[in-house]
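Below is one structure, written out as structure tokens; the observations come after it.
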Protein chains: 2
Amino acid sequence: MRRFKIPEVTVGRLSLYLRCLNELEEEGIEVVSSAELGRRCGVNPAQIRKDLAYFGEFGTRGVGYYVKELMQDIKRVMGLNRTWEVALVGVGNLGTALLRYKGFQRHGFKLSVAFDIHTEGKEVPEGCVLYPASEMERVVKEKGIKMAIVAVHYSQAQEVAERLARAGVKGILNFAPMRIRPPKKVVVKNVDMGTELEILAFYLTMRGAK
Amino acid sequence: MRRFKIPEVTVGRLSLYLRCLNELEEEGIEVVSSAELGRRCGVNPAQIRKDLAYFGEFGTRGVGYYVKELMQDIKRVMGLNRTWEVALVGVGNLGTALLRYKGFQRHGFKLSVAFDIHTEGKEVPEGCVLYPASEMERVVKEKGIKMAIVAVHYSQAQEVAERLARAGVKGILNFAPMRIRPPKKVVVKNVDMGTELEILAFYLTMRGAK
DNA sequence: AGTTGTGAACCGATTCACAGCG
DNA sequence: CGCTGTGAATCGGTTCACAACT
């Protein structure tokens with residue numbers, strides 16, 4: 001089977017498999033069955049096989065999947081066999097933390113430029129350049145940046161998204177507590193920490209905590 | 001209909017409705033139909049009515065929903081008509097940003113204690129007390145804290161979760177890039193920023209960006 | 001007339017079960 | 001024989017359509 005509409009949950013699980021395969025590789029394990037991989041990452045084996053089947057036939061019947069090969073295959077289909085330059089908009093508390101967060105590099109994402117209305121007194125790490133927000137369109141366009149993280153005040157999130165879209169950005173990860181409506185031809189992922197805590201509160205209340 | 005198994009997506013949407021109702025209230029609108037609310041937050045009206053029907057009958061036929069009433073009802077069923085004390089574990093880049101993040105208070109969550117292996121030289125905001133990680137079980141138990149945010153190195157996330165569970169915590173929001181397996185009787189929500197970016201990378205690659 | 005609340009139909013994702021292949 | 005790849009069965013959430021109600 002190949003390439004029709006791939007559900008987002010499937011893509012999320014590919015990322016999960018990648019993490020798990022990393023561990024297997026570190027343990028020196030060379031081959032893994034869908035049963036074992038499923039046990040390790042808490043996913044039904046048939047689910048794993050279906051997920052992978054969207055993109056091709058990566059396994060060997062009677063054997064399983066070769067760990068290194070499968071990692072490469074997943075990275076390829078996910079577009080992770082390269083470095084993605086990412087722009088950060090909003091260098092406040094959260095933005096600064098995200099800039100310093102080492103995890104992104106490890107996954108091939110490089111926060112190479114940052115924007116804020118106020119640039120004075122703001123520190124950005126080595127390898128990242130801070131610009132005033134007014135320069136956003138120009139810099140993003142010039143550098144050909146396609147991915148951005150939005151960590152501004154919620155009242156500005158939608159407008160920033162539109163401006164990024166006009167500058168050529170195709171994917172936005174939004175941390176502002178306000179759902180951004182995707183501009184034309186742009187993929188938006190909203191990460192809402194407030195909502196996550198509220199969901200927890202709900203389940204705790206249901207179960208009669210406190 | 002009342003109280004069986006409520007899907008997590010439903011709970012997430014309740015949180016979304018709440019945001020939207022807030023805006024309506026600020027605009028001075030007193031009554032809203034599921035059609036209008038749906039238009040505003042991008043959800044099918046039938047979906048909204050079904051979501052609410054899990055918990056009771058909050059609307060008035062021929063009229064719609066009274067904004068203030070519905071807000072109170074949703075807050076009540078979600079357990080948000082109170083303050084939740086939350087413990088933060090891991091006061092690094094991300095943890096510090098979360099401590100300073102004003103959004104939590106606004107939603108009734110109070111980060112009143114924080115833990116880290118190293119406490120020297122670490123600043124926490126007014127109203128929050130920083131303890132060495134070794135004090136975690138004692139403090140959490142004494143204060144009766146039921147909810148925690150984990151922002152430690154991924155290698156320690158699972159262990160921290162187990163310790164929190166033993167101390168009486170019932171809900172964990174995990175920011176470490178490693179899925180925590182829920183300890184018995186604990187609800188865990190994983191927020192994985194790396195995975196979110198990878199999902200974006202996938203869709204951008206699919207659409208042939210860059 | 002207008003809008004809710006809900007059974008029925010629909011749709012998509014998950015799991016099962018087995019044929020196909022190494 | 002063992003494990004993958006996949007059609008069929010199942011499950012659960014979404015949408016439709018309308019009866020119930022104000």
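All chains are named by letter (A, B, ...) in the order of the sequence lines, taking the proteins before the strands, and each is independently numbered beginning at 1.
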Fill in: A:F55 CZ - D:dT4 P separation (whole Å)
18 Å
Worksheet item: Just how far, in rounded Å, is C1' of C:dA13 from CG of A:D51?
Response: 10 Å
Practice prompt. Scan residues 156-204 of chain A for pairs that pass ring pair (Phe, Tyr, Trp, His ring centres under 6.0 Å), counting only residues two or more places apart or in two chains.
Written response: A:F202-B:F55
Worksheet item: Within this structure, what is the NZ-to-P distance between B:K50 and C:dT6, rounded to whole angstrom?
Response: 9 Å
Worksheet item: Is the closest side-chain heavy-atom distance between A:P183 and A:V188 below 4.5 Å?
Response: yes
Worksheet entry | Those residues that, when tested against B:R106, pass salt bridge (Lys or Arg N to Asp or Glu O under 4.0 Å) (two or more places apart) | none
Worksheet item: Do any of residues 11-41 of chain A sit with a heavy atom less than 4.0 Å from DNA chain C, and if so which?
Response: A:R13
Discussion item. Distance check needed: C:dT4 P versus B:N44 CG, whole Å only.
Written reply: 12 Å
Worksheet item: Can you check whether B:G90's main-chain N or O pairs, donor with acceptor, with B:D116's side chain at less than 3.5 Å?
Response: no
Discussion item. What is the separation between atom OH on B:Y54 and atom P on D:dG12, rounded to the nearest whole Å?
Written reply: 11 Å
Worksheet item: Which pairs count as side chain to side chain donor-acceptor pair (under 3.5 Å) when at least one residue sits in residues 175-185 of chain B, sequence neighbours excluded?
Response: none
Worksheet item: Quick one: side chain to side chain contact (heavy atoms under 4.5 Å, CB included) partners of B:S112, sequence neighbours excluded?
Response: B:E85, B:K110, B:I145
Fill in: Rounded interatomic separation in angstrom, taking CD from B:Q47 and P from C:dC11
16 Å
Worksheet item: 5'-most contact on DNA chain C: B:A46 or A:V43, nearest heavy atom basis?
Response: B:A46
Discussion item. Expressed as a whole number of angstroms, how long is the span from A:R49:CZ to C:dC21:C1'?
Written reply: 14 Å
Item to complete: Report the distance from atom CG of B:L70 to atom P of C:dT4, rounded to the nearest whole Å.
Response: 11 Å
Fill in: B:R138/B:E142 salt bridge by N-O under 4.0 Å criterion
yes
Worksheet item: Is A:D192 paired with B:R19 through a side-chain N to carboxylate O contact shorter than 4.0 Å?
Response: yes
Discussion item. If the threshold is 4.0 Å, N to carboxylate O, is there a salt bridge linking A:E137 and A:K141?
Written reply: no
Worksheet, complete the sentence: Numerically ordered, the residues 59-68 of chain A set in heavy-atom contact under 4.0 Å with DNA chain D is A:G59, A:T60, A:R61, A:G62, A:V63, A:G64, A:Y65
